[in-house]
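Keep in mind the model is a prediction, meaning the values are calculated, not measured. Just so we're on the same page: letters track the sequence lines, and every chain starts at 1.
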Amino acid sequence: MTAAKTGIPTTYDPKEVENKWYRNWEERGYFHQLPEPQQQPFSIVMPPPNVTGSLHLGHALDNTLQDILTRWRRMQGYNTLWLPGTDHAGIATQAKVEEQLAREGLSKHDLGREKFLERVWDWKHQYGNKITSQLRLLGASCDWQRERFTMDEGCSRAVKEVFVRLYRKGLIYRGNYIINWCPKCQTTISDIEVEHQDREGQLYHIRYPVKDNPGQFITVATTRPETMLGDTAVAVHPEDGRYQHLVGQTVILPLMDREIPVIADAYVDPAFGTGAVKITPAHDPNDFEIGSRHNLPHVTVVGKDAVMTREAGKYAGLDRYEARQRVLADLQAEGLLILTEEISHSVGHCYRCDSVIEPLVSKQWFVRMRPLAEPAMEAVKDGRIKFVPERFAKIYLGWLENIKDWCISRQLWWGHRIPVWYCQSCHQEICSEEAPENCDGCGSGELVQDPDVLDTWFSSALWPFSTMGWPEETKDLGHFYPTSVLVTGRDIIFFWVARMIFMGLEFMPGVPFREVFIHGLVLDAKGRKMSKSLGNGVDPIEVIDQYGADTLRFMLVTGNTPGNDLRFQFERLEGTRNFANKIWNASRFVLMNLEGYVPLSQEPEYSLADRWILSRYQKTVRDTTALLERYEIGEAARVLYDFIWSEFCDWYIELVKPRLYGKETEASKNTAQMVLGHVLAGTMQLLHPFMPFITEEIWHHLQGDGESISIAAWPKAEVQWDNPPLEKEMELVMDVIRAARNMRAETGVPPGKRVELVLVASNASIKEILITGMSYIQQLAGAEPIRLEVGELSEKPSQAAAAVVAGVEIYLPLVGLIDLDKEIKRLSKELAEVTKELERTVGKLQNQGFLAKAPQEVVEKEEAKKQEYMAKKAALEDRLAQLQAN
RNA sequence: GGGCGAUUAGCUCAGGGGGAGAGCACUUGCUUCACACGCAAGGGGUCGUAGGUUCAAAUCCUACAUCGCCCACCA
C-alpha cells in the first residue's frame with residue numbers, strides 16, 4: 001500500500017486510530033457532564049452487563065445503539081448522561097467462584113459465608129472490569145466517572161430502603177408456597193427464570209384401588225410417577241359422569257398403602273388422560289392450588305437435592321429419575337400400570353444451568369405484584385412510557401395482566417442479604433435497613449439475619465434511580481430522572497423493563513424512562529441463537545481486532561429494522577470494512593487537495609455540481625436527523641452510506657477533479673475546495689455517532705488540532721441549498737453520461753478512447769442544461785467533441801449507436817466500428833421496455849376513475865411520464881427503422 | 001391453546017398505496033494520478049398462496065401455508 005503524496009496510507013488501519021482516540025476522549029472527559037439545570041437533559045442508563053461476563057454481540061448491538069443516540073444528542077447540545085455499570089449477577093458469579101474453588105478442591109462451605117464472599121469480591125476486583133474495558137474498545141461514550149455496580153454502597157442502600165418500605169407497606173411477605181427449585185443451583189428461581197421446553201415423554205396410566213369396593217379402580221394419568229408417593233388426593237371434574245360415584249370415596253395409594261380421598265375440582269380436564277388426576281400438592285403448582293382449595297396435606301417426597309426423602313418410604317435416598325423407574329417397575333409388578341402413552345409435554349428448565357426444575361413447597365419471600373402492576377400498566381396505556389416498536393407494549397401489558405407474585409429470595413451467598421432478622425427467643429421477625437440491637441418484641445439480643453439474598457433482578461429494577469443517588473434527593477435525580485430512553489433487547493422486557501417501571505412508579509415521582517427502544521437478538525448466519533453449546537458464538541472483540549469497532553458497529557445497525565432479529569454474517573463485515581476504506585480514501589483525496597487552501601475573499605463560483613452536492617447534503621442532514629428521531633437507526637446509516645458512496649464519491653469527487661487540477665479559474669478551484677471540505681466535514685459529523693473513530697481521525701486531519709468531533713455541533717440543514725429543480729437538471733446530465741457510457745461499453749469502445757458525441761435536445765431549456773453540464777459529459781463519458789443540437793437533427797449519423805433519455809437523443813458515431821445486429825438488438829430491447837412502460841401509463845390515463853379520483857399531482861406526473869415515453873419510443877423506432885434500412 | 005414476527009433478485013435484508021431497491025455473489029471491460037477493500041457497464045424478481053378494499057395493492061384488510069419467537073395450569 002503506497003502512500004501517495006500525503007503520507008496517509010491508502011488502506012485504513014482501524015487499530016492504530018481506535019487505540020489512540022478512546023484514551024484521548026476519556027482523558028479529556030468529553031463523556032462526563034454534570035447536571036446543568038438550564039440545559040435540556042438527555043440521559044440513558046446502560047443495562048448493566050454481568051460482571052462475570054465478556055462482551056457478546058448482543059451487548060455490542062445494544063451498546064452501539066445507545067452510543068449512537070448518546071453521541072448524537074451530545075452533539076445536538078443536550079446535557080448528556082450515559083450512565084454505565086455492571087450487575088453482580090448472583091447465580092452466575094457465585095457459580096464462577098465456586099468453580100474456581102472446586103479446582104482447589106474446596107467448596108464454599110469449607111470457607112464459610114464470610115470468607116467465601118471475600119473470595120467473590122476478590123474475583124470481582126480482578127476480573128470484573130473485563131467487560132467495561134471491552135465496552136471502551138467498542139467506543140461506548142458513557143460517563144465512566146459515574147460507573148456503578150449493583151452491589152456498591154449506594155445501590156445496596158437503595159435495595160435495603162426499597163425492601164423495608166415494601167415490607168412495611170405489606171407488599172413484601174414471606175410464606176410457604178410452591179416455588180421453582182433448581183437442584184443444581186440449589187436455589188429458588190422466579191417463574192420467568194424457568195424455561196419451558198417441549199420434551200417427548202410418557203404418560204403413565206396407573207390404577208388406584210377404591211378402598212370400600214375391592215376390585216374397583218380409578219385410573220389416573222401422570223408424567224411423573226415418582227411424585228405419586230406424595231399424593232394426597234385424586235381429583236376428577238365435578239360433572240364428569242364417569243367418576244361421580246367415586247367423589248367422596250377413599251382410594252388406596254399404591255406402593256404406599258395410604259388412604260387418600262377422591263375430590264371434585266373444576267380444574268380437571270375430563271378430556272385429558274383418563275379424566276382423573278393424582279394430586280401432589282407438594283410437587284406441582286396446580287396440585288398445590290387444588291390442595292389449598294381442598295385443604296389437602298403436603299407430603300414432600302422429593303428433596304432439594306432432587307433425591308427422594310424419608311417420606312418416600314422405601315424409595316428414600318434414590319435420585320428422582322431412579323425412583324421413577326423403580327416406582328414404575330413396582331406398579332408393573334402389581335399390575336397397576338395399565339398403559340404407557342407417548343406424549344410431548346413441556347418441562348421446566350433452569351434458565352441458568354438448564355437443569356430440570358423441581359417444584360417444591362418452601363418458605364420464601366415474595367413481592368405482591370397486583371398493586372404494583374396496575375400503575376405500571378397504566379403508565380404504558382396512557383402513553384407516559386412509549387415502546388418502540390409499539391408492538392412490544394402489548395407483550396408487556398399481557399405479561400403484567402396475568403402477573404403472579406414474584407419470588408425474590410435466593411438461597412445464595414452472593415447478593416443483597418435480606419434485611420430481616422429473627423429473634424431467637426420469641427421468633428419475632430424484624431425488618432430494618434440496619435441490624436437491630438435487640439428484639440423489639442422481647443428485647444432479646446439474640447437476633448439472626450435471614451440467610452437468603454435477593455434475586456439479582458431486584459437490584460437492577462432500581463437501576464434508573466439507585467445509580468443516581470436515591471434515596472437522597474440528588475441533583476442528578478432532579479435533572480436526569482426520568483431518563484430519556486431505555487435501550488434493550490426484547491428478551492428482558494419481563495425480567496427488567498417491567499420491574500424498573502413498577503419500582504420507578506412506586507418510589508419516584510414518575511416513570512423511569514419515557515421511551516423503551518427494543519431491539520432484536522443477534523443470531524448466527526443460519527438464524528440460530530448464539531450459544532456456548534452450539535459453539536456458534538462470534539466474539540465481538542475478535543471482530544473489532546480484525547475489522548475495527550467502527551465496522552462492527554456500522555454492520556450491526558445496518559440492514560436491520562427496529563425490533564427484528566439480525567443475522568450475523570461475516571461477508572457483511574467486509575462490505576462495511578470496504579465502506580470505511582472508501583471514506584478513508586475520499587478523505588485522503590479531499591485532504592490532499594485542501595493542502596494550502598486559503599479561502600478567497602471574492603464571491604465563490606458555484607458550479608452545477610457544487611449546488612447539486614450541497615442540495616443533496618442538506619437533504620442528507622435532514623433525513624439522518626429525522627430518522628434518528630424515530631429510532632430508525634439502520635435507515636439513517638443507509639442514507640449516509642448512499643450519500644457518501646454514490647453521490648459524494650462516485651459523482652461529486654469525480655466532477656470536481658478538473659477544477660482542482662487547475663483547469664479552471666482560481667475562484668472555481670477555491671470554491672470546489674471549500675465545498676469538498678464543507679461537505680466532508682459535515683458528513684463526518686453525521687457519521688460520527690455510527691463510526692466514532694474514523695470520523696474523529698478524519699476530523700482532526702481536516703480541522704488541525706481542534707476539539708473532538710464528539711462535541712462538535714450537529715449539522716443543521718442548510719435549507720438555502722435545498723434545490724430540487726437543480727437536482728433534476730443534474731439528474732438529466734447524469735442520465736446522459738450513463739447512457740453514453742452504456743453505449744461505449746456495449747459497443748466495445750476501448751476505455752479511455754475519446755469519442756465524438758451528438759446530443760439532440762428536445763427543446764431550448766434542455767439545451768441550456770446540457771450546455772451547463774457539457775464539461776461533465778466530456779469528462780465522465782470520455783466524449784469529445786460534443787455536437788449539441790436542438791429539435792430535429794438534419795442529418796442523422798448512419799454509423800452510430802443511439803440512446804434516448806428524457807428529452808435528449810444521444811448518438812455515438814462509430815464509423816466502421818459498429819456491429820449493426822448488436823445495435824439493433826440493444827435498441828429493440830430498449831424499445832420493448834419503453835413500450836411496456838408507455839402502455840401502462842396510457843392505461844392509467846385512460847382510466848376515468850384514475851382521472852377523477854387520483855390526486856392532481858399524481859395525474860400530472862403520469863401525464864409527464866407519458867410524454868417522455870412517447871418521445872423516447874418515437875426516437876427509438878426512428879432509429880431502428882433507419883438502421884434496418886441500411 | 002393464544003399472541004407476535006418473517007415470507008421481496010442465487011444469498012442476507014431494506015422499503016412500503018401511484019415508475020421493484022441495497023450489499024454480497026454473478027457476467028463484461030478497466031493497474032483512469034483518493035480508493036482493485038476500487039471504477040464503469042450489465043444480467044437477474046408475476047414482492048408466499050387465495051380472496052377483499054381502492055381509480056390504483058409488493059404495500060391496507062381477511063383467510064391459508066411455511067418458518068421463527070414468546071406466553072399458557074398439555075396431569
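Between the side chains of A:D198 and A:S346, not a single donor N or O lies within less than 3.5 Å of an accepting N or O.
Salt-bridge formation is detected for the pair A:R224/A:E226: a Lys NZ or Arg NE/NH1/NH2 atom is positioned less than 4.0 Å from an Asp or Glu carboxylate oxygen. A:K865 has no carboxylate O lying under 4.0 Å from a charged side-chain N of A:E837, or vice versa, which leaves the two without a salt bridge. The pair A:D240-A:R242 counts as a salt bridge, with a side-chain nitrogen and a carboxylate oxygen less than 4.0 angstrom apart.
Taking side-chain N and O atoms only, A:R741 has a distance below 4.0 Å to OP1 or OP2 of B:A41. At least one side-chain nitrogen or oxygen of A:R567 sits closer than 4.0 Å to the OP1 or OP2 atom of B:U12. A:K829 has a side-chain polar atom (N or O) that falls below the 4.0 Å cut-off from OP1 or OP2 of B:G43. Between A:N564 and B:G68 there is no side-chain polar atom (N or O) within less than 4.0 angstrom of OP1 or OP2. Contact annotation: A:N402 does not reach the phosphate of B:C71 (side-chain N/O to OP1 or OP2, under 4.0 Å).
A:H345 has its NE2 atom 9 Å from the C1' atom of B:C74, to the nearest Å. In this structure, NE2 of A:H196 is placed 16 Å from P of B:C69, rounded to the nearest angstrom. Computed from coordinates, the A:K657 NZ to B:C33 P distance equals 8 Å when rounded to whole Å. Between A:R199 atom CZ and B:C74 atom P the separation is 17 Å, expressed in whole Å. The distance between atom CZ of A:R588 and atom P of B:C37, rounded to the nearest whole Å, is 14 Å. To the nearest angstrom, P of B:A34 lies 19 Å from CD1 of A:I644.
Between A:F589 and A:F648, a ring centre-to-centre spacing not shorter than 6.0 Å is recorded.
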Point to revise | Dot-bracket encoding per residue of RNA chain B, Watson-Crick/G-U cut-off under 3.5 Å, | denoting interstrand | key: (((((((..((((....[..)))).(((((.......))))).....(((((..]....))))))))))))....
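Within residues 391-401 of chain A, the residues approaching RNA chain B are A:R391, A:K394, by heavy-atom distance under 4.0 Å.
Looking at A:E654, its side chain comes within 3.5 Å of the base of B:A34 through a donor and an acceptor atom.
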